[in-house]
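The structure appears below as structure tokens.
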Amino acid sequence: MGIEAGELLYTRRIQDLLTVGGRVFHQTHWAPLMQLQGTVAEVQLDLKTAQGTVLPMLVNASRIEFQQTQYDQLALIQAADRKSYERELLKARRSVEDSLLSLHETQQQLRQANEFLSVAIRSARMGVWSQDLASGQVKWSTELQMLTGITDTSRWSSSDAFLELIHPDDRHAFITELALAIKHEADYDIEFRLQHSDGSWLDMEGRGHGSYAESGEAVSIFGIFTDISGRKAAERELFELNQKLREADKRKDQFLATLGHELRNPLAPIQNVLEIIRTKDPQEQWMRWSKEVIERHVSQMTHLVEDLMEASRISQGRLSLRKKKVDVADIMQSAVEASHGIIEENKHHITVSQPETPVLLHADPTRLIQVLSNLLTNAAKYTPVGGKISLQAQVSGMEIRFTITDTGIGIPEDQLSHIFGMFSQLEPAIERAQGGLGIGLALAAKLVEMHGGSISAHSEGIGKGSTFTVTMPLAEDQSGAVTVTPREPETVTPKLRILVIDDNVDAAESLAMLFDLNGHTTRFAHDGASGVKSAASFNPDVVLSDIGLPDISGYEVAKALRDMPNGHAMLLVATTGWGQEKDKVLAKQAGFDKHFTKPLDFQALKRFLHQHYTKASNRPVPQDN
Amino acid sequence: MDVRLRNNVNIIGDGQTVMVMAHGFGCDQNMWRFLTPSFTRDYKLVLFDLVGSGKSDLTAYDYKKYSHLQGYADDLIEIIDDATDKPVIFVGHSVSTMIGLLACNTAPEKFSRQIMVAPSPCYINDGDYHGGFSEEDIAELCETIEGNYLGWSSAMAPNIMGAPDQPELSEELTNSFCRTNPDIARHFADVTFTSDHRDELDKCQVPSLILQCDDDFIAPTTVGEFMKNTMPDATLSIINNVGHCPHMSSPDQCAVAMKRFLEYQ
């Protein structure tokens, strides 16, 4: 306090040492307390020091009486420390209360979050499981119990019981997968069947991983099981539907192939007969007209059937390219020739602009001609009579661009994107006069694609004409083209003895007649056995045999012929409707020298025979009859 | 709300006339124990604790209601109504003298006499008026009241002493006569010492006795003079006493002065 005792004794009252607040407190609290209970304990008052500073004190006082005089004894303790301790204590208490409150709130939030999670897990048809690896004890969440309907803990709590609930066929994989996940500290993802309380099996998906002690030892494994029964059922249904669809698609392709084949067979004798008529130029006007009508329509029909065959070859993946180096000019010329008929018929005016110098492509000439002629035919079909069609080719870098432009009906914008689809035609077809199967453009697109090129269509709209553009890569080496259409030299083929074996009587007889007219000697047979028999007596130079015969196959016929004394000298030609690579291989193995696809192109056949027999070594042995 | 429970009302004495005694700031009705023996023969004494003090119902302490002394005055009128339907003699100490004054002005018919022990209508100096304190003094006082553990000790002292299961140990330390909740004590001190009821003095028609100590630090004699001069019907009687509680330290002098006032009037 800095005050000498002498300064206080008998001169100052205790309250004189107090601050104003302390003095009021002394009056209102201390003095009454002293009078009422004789003591005052632990009262905190500020005392003024001699320097005028304030010193917090704890005051204890008691009143005693000594020789009829009352004395108040005061004990003063400096309170700073104690006060601060008490403040700390109070603060600590408040902080504990606060953290208890916040703990309570956190727990509340956690409970709520858990409830939300549980709802989410339930609605996703999920459940949580875990297994303690030391004890083998398995735990299931409430959601998993609800999912399986199994609530009796003993059904899953032991490892063995739990595995009992997994389908026997899936159990081994389940155990193996989990063991692997634990071993490699990896996630597992497994599908299995889990038993429901009603005995049915739930398709489940299990995902999760192990948890490990600090030492690295696995202590437990846990995961989430998801009921995927719904998904599995949908997958199965989808798979079955897909299977059916694929089956139906395959049958459709087979049907189209069969249809093409069956349509082509009757075309063969008709074409042969036309060839026969051609050699005997009819004198009568009406007969000439009739011949021309038949020729035109047979050509149209042949074209349609060929498209159909091509389409089915593409959809069955049987189309293969025979690429060689070809000159663009040759291709263009052939394409224009191929579509000449329809262009002529519609009185269109066609302009062709070819590159000035030879440009070589590495392509299948037949297919490329087909592409361009299809586009030209298409242009002719969809352009009103007397229109203009142009075919241009332009080289740009290592590409060539063919442009086919017409002044036709055009293509609505909304149909531009799907005109290259199979069996698609402009709908509603504005002008269906020319008909068609809707195959031509699809075929062209597919063939261009197989050549590594691209095709696109452009039109300003209805009535404004169309432009088709085909872009193809150039051959890297621009030398050494193969001529596509060699000019046929005048043929002087030796007179041959030809045997035709075909169960299609009209086809066989008309072909035989054609050869007869060309100065050859012919025989024909309608089944394998009589064919072989006929060959033995007739001793032919050439045998044309169908493969699909009613009794024995054409392959067997070939073997029988080769076994004859003169068999090796015969030229054996197979004729089939299918034209598959496989057939050709089989024909070769059976002993055929050559394979022709029906309907037979008589000119091609003639050419082949000419080439074969103009080589000296192949001259036929003169026969006596 | 039962008034008697709320205010811990105690009625003693054999007389017919009702004398209501209200304790001052700091302690509770126990403060009257040295004075009451002089009146129990002739009067019926109604003793009570102000809400927030002593053994009143602390849950009834409404900070809004008791932010003005009128709240306590309304309680007082309810206590009187509960005790009698006749006018009463009211004896108030310290802050309760102003509570009594407000009650007299609110319901003068319920009061026959008013005895004011160590009153002050305003503790803060204001111009010519000398209340005894500056505003800073009052602020410091409120700190002291809050800083003392008389109040919350009932809850905290056992914990601080490390013997929560032996509450009797702390009883001595809790200064039980003057304990209350520290928040209430602080609020009550604030309301009491910042109040100014000088304007109420001249409205009081009830005959009043002012018992003034000649050496009271809290209510100086100038305050007694001011009141006597302001009130329409007031008698000033000076008690030779040091301190603010003459009814405790000089009960006989107080009793003589009171009886003279009651008989004379």
Side-chain angles (χ1 to χ4, degrees), chain A residues 12-48 53-63 70 72 75 77 79-94 96-97, chain B residues 23-28 30-31 33-34 93-95 118 123 132-134 136-153 155-157 159-161 170-179 182 185 189 192-193 213 216-219 242-245 247-249 251:
Chain A
R12 313 260 310 253
R13 293 185 301 186
I14 189 73
Q15 52 264 51
D16 295 341
L17 298 174
L18 303 176
T19 60
V20 174
R23 287 167 71 187
V24 173
F25 186 81
H26 180 261
Q27 293 284 323
T28 57
H29 290 75
W30 184 351
L33 279 171
M34 285 300 273
Q35 202 168 349
L36 287 168
Q37 63 184 25
T39 60
V40 172
E42 309 282 302
V43 166
Q44 185 198 299
L45 289 174
D46 289 343
L47 265 66
K48 289 186 292 189
T53 55
V54 166
L55 205 58
M57 290 282 194
L58 276 175
V59 186
N60 285 308
S62 63
R63 182 162 288 179
Q70 281 190 339
D72 283 351
I77 308 158
D81 288 349
R82 173 166 173 165
K83 198 174 164 187
S84 67
Y85 292 152
E86 287 173 354
R87 281 213 181 110
E88 286 302 312
L89 204 62
L90 267 183
K91 219 156 84 183
R93 182 184 144 137
R94 280 203 190 105
V96 167
E97 281 171 353
Chain B
H23 67 84
F25 178 80
C27 297
D28 62 12
N30 280 294
M31 295 175 104
R33 68 160 69 155
F34 303 101
H93 170 231
S94 180
V95 67
Y123 296 94
F133 297 89
S134 66
E136 293 73 36
D137 294 337
I138 297 302
E140 196 230 316
L141 163 65
C142 291
E143 291 289 318
T144 305
I145 298 294
E146 192 183 31
N148 268 294
Y149 305 126
L150 305 182
W152 60 262
S153 58
M156 275 306 282
N159 291 324
I160 288 174
M161 289 192 66
S170 59
E171 188 61 27
E172 191 72 0
L173 290 172
T174 59
N175 308 299
S176 58
F177 299 110
C178 299
R179 72 176 169 210
T192 300
F193 290 100
C213 298
D216 184 357
F217 163 70
I218 295 174
V242 178
H244 188 55
C245 301
H247 56 309
M248 297 181 81
S249 45

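Every chain is numbered from 1, with letters handed out A, B, ... down the list of sequences.
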Quick one: of Glu136(B), Met31(B), Glu140(B), who has the most non-hydrogen atom pairs under 4.5 Å with chain A?
Glu140(B)

Quick one: closest heavy-atom pair of His29(A) and Phe25(B), and the distance?
CE1-CE2, 3.8 Å

Working to the nearest 0.5 angstrom, can you tell me the gap between Arg23(A) CZ and Leu141(B) CG?
12.0 Å

Is His26(A) close to Phe217(B) at the side-chain level, that is, under 4.5 Å between some pair of heavy atoms?
no

Point-to-point distance, once rounded to the nearest 0.5 Å, from CD of Gln27(A) to OG of Ser249(B)
8.5 Å

Turns out that what part of Val95(B) lies under 4.5 Å from chain A's heavy atoms comes down to neither

Using a 4.5 Å cut-off on heavy atoms from C-beta on, say whether the side chain of Met248(B) contacts that of Leu36(A).
yes

